[in-house]
Amino acid sequence: MLQSVVLPNSVPEAIAALSAPGSALLAGGTVLMPRVNAGDDAITTLVSLKRAGLTGVRVSAGSVEIGTATTLAELAEADALAFLRPALDAIASPTIRNMATVGGNLFAKQPYGDLGACLIALDAQVTIKGAGGTRTQPVAQVVAAPLAAGEIATAITFSLPATDGFRFAKAGRKALNAAAIVTVAAIVEVPGGTVGKIRIGLGGVAPHAVRAVSVERALIGRPFDAEHVRNAAAEALKDIDPFDDAYASAWYRARVTPVHIRRALLGA
Ligand SMILES: Cc1cc2nc3c(=O)[nH]c(=O)nc-3n(C[C@H](O)[C@H](O)[C@H](O)COP(=O)(O)OP(=O)(O)OC[C@H]3O[C@@H](n4cnc5c(N)ncnc54)[C@H](O)[C@@H]3O)c2cc1C
């Protein structure tokens, strides 16, 4: 049963507080608090990130650093990140986005993972701090395996994409609070009509957000036209591990993933 909530004033203090048995890291609480309220006996102390100094978006010379305790609503207000607004607007509802944090989104289990898909496409890196020091890991690895006990993700960094280089599409059942059937985020650069650079992140089609490496391989160096994109999108079946849930069957997810990759890349 929950016995205390601590509010450390720094990351080292938060790491120290997490070493106590039964402690859990609290960010916006949109995933964790329902567990606590349901009487999760494993959690006796909540270590809140509220005062640990992990909020804010900093942009300098084309590089972006986001504090992990930044809420999704705050992220949507960053002018330099306007390209992410369609993705952020598709997450949950304004009420949830006012509380939910960027870091929490990475560690919320599927069927969520819209921001994870975007950050995989952006080749974002996560700074992780713990008692053993600081390390950096790509988002694709962070969402695939839990952090070690007592570790905290503190920042996310990536380079701004080229203007109009970011693409996004999400298929869900309704406008608000609709977990993804499939989410597609991509960075694509097409100098002279040929695909020069491409990175694709997918959400909703595996136990965590994944990179669509097979689609990328099939498109790189090829003409960026409907035929090549359609053929490459079909390769996504090698990258995904779809599941059944209340929103869609695994069969349906597999069927529509190539369609939404094509829509995200070509806009049609
Ligand atoms: C109704 C509803 C609809 C939603 N719809 C969508 C959707 O459409 N798309 C989508 O992508 N997401 C969706 N979500 C997920 C939502 O984005 C997450 O709930 C939210 O981002 C989690 O953030 P939080 O700050 O509330 O995390 P918390 O609930 O505070 O924490 C969640 C987990 O992450 C861990 N954690 C948090 N921050 C860190 C950190 N910095 N380092 C290490 N571990 C950390 C916590 O310890 C905990 O285990 C939805 C959620 C709800 C409740």
Side-chain angles (χ1 to χ4, degrees), residues 57-66 75 78-90 102 106 113-127 136-144 155-171 180 182-206 208-240 254 256-268:
V57 177
R58 292 161 286 279
V59 183
S60 169
S63 296
V64 180
E65 184 185 75
I66 303 169
L75 195 60
D79 287 338
L81 304 184
F83 66 91
L84 278 178
R85 276 182 204 142
L88 293 167
D89 287 349
V102 173
L106 291 184
D114 293 338
L115 192 59
C118 296
L119 293 171
I120 287 173
L122 288 161
D123 199 11
Q125 306 289 313
V126 184
T127 304
T136 306
Q137 244 191 345
V139 166
Q141 285 177 22
V142 169
V143 295
I156 292 164
T157 51
F158 57 86
S159 298
L160 281 174
T163 309
D164 298 329
F166 185 80
R167 316 286 166 99
F168 178 81
K170 174 177 175 178
V182 54
T183 293
V184 184
I187 291 293
V188 58
E189 290 176 18
V190 189
T194 299
V195 179
K197 176 180 177 184
I198 185 157
R199 270 185 80 92
I200 303 172
L202 300 175
V205 286
H208 49 79
V210 292
R211 184 176 167 192
V213 280
S214 306
V215 183
E216 295 170 11
R217 264 192 225 116
L219 263 179
I220 197 97
R222 301 270 158 73
F224 193 58
D225 58 24
E227 184 192 343
H228 286 90
V229 169
R230 191 174 51 246
N231 291 341
E235 297 290 306
L237 300 187
K238 296 175 185 160
D239 301 319
I240 65 177
V256 299
T257 296
V259 174
H260 289 285
I261 291 175
R262 195 192 71 222
R263 286 187 185 161
L265 293 181
L266 296 176

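Only heavy atoms go into these numbers, but all of them, side chains included; no hydrogens, no water, no symmetry mates.
- Here His208 contributes atom NE2 and Leu202 contributes atom CG; the two are 12.0 Å apart, rounded to the nearest 0.5 Å.
- Of all non-hydrogen atoms in Ala117 and Ala209, the two that sit nearest each other are N-CB, 3.8 Å.
- Summarising the geometry, atom CD1 belonging to Ile66 is positioned 7.0 Å from atom CG belonging to Leu115; distances are rounded to the nearest 0.5 Å.
- Atom-to-atom distance recorded for Thr163:OG1 and Phe83:CZ is 10.5 Å, nearest 0.5 angstrom.
- Contact of the Phe224 side chain with the Val229 side chain is registered, since non-hydrogen atoms from C-beta on lie closer than 4.5 Å.
- In summary, of the residues considered (Leu122, Leu81, Ile156), a side chain to side chain contact (heavy atoms under 4.5 Å, CB included) with Val64 occurs for Leu81 alone.
- Using a 4.0 Å cut-off between a side-chain N of Lys or Arg and a carboxylate O of Asp or Glu, Arg230 and Asp225 do not qualify as a salt bridge.
- Of all the heavy atoms in Ile120 and Gly201, the pair that sits closest is CG2-CA, 4.0 Å.
- A salt bridge (charged side-chain N to carboxylate O under 4.0 Å, His left out) with Glu216 is found for one member of Arg211, Arg222, Lys197 and no other, namely Arg211.
- Once rounded to the nearest 0.5 Å, the distance linking CD1 of Ile200 with CG of Leu265 reads 5.0 Å.
- Looking at heavy atoms from C-beta onward, Val205 lies out of side-chain contact with Thr183 at the 4.5 angstrom threshold.
- Rounding to the nearest 0.5 angstrom, the gap separating the CG atom in Leu75 from the CZ atom in Arg85 is 9.5 Å.
- Minimum heavy-atom separation, Thr157 to Glu65: CG2-CG, 3.8 Å.
- Among all heavy-atom pairs drawn from Leu84 and Cys118, the shortest one is CD2-CB, 3.9 Å.
- In this structure, the separation between CG on Asp114 and CG on Leu119 is 11.0 Å, given to the nearest 0.5 Å.
- The heavy-atom pair separating Pro161 from Ile187 by the smallest distance is CB-CD1, 3.4 Å.
- Listed here is the closest heavy atom pair of Asp239 and Ser214: OD1-OG, 2.7 Å.
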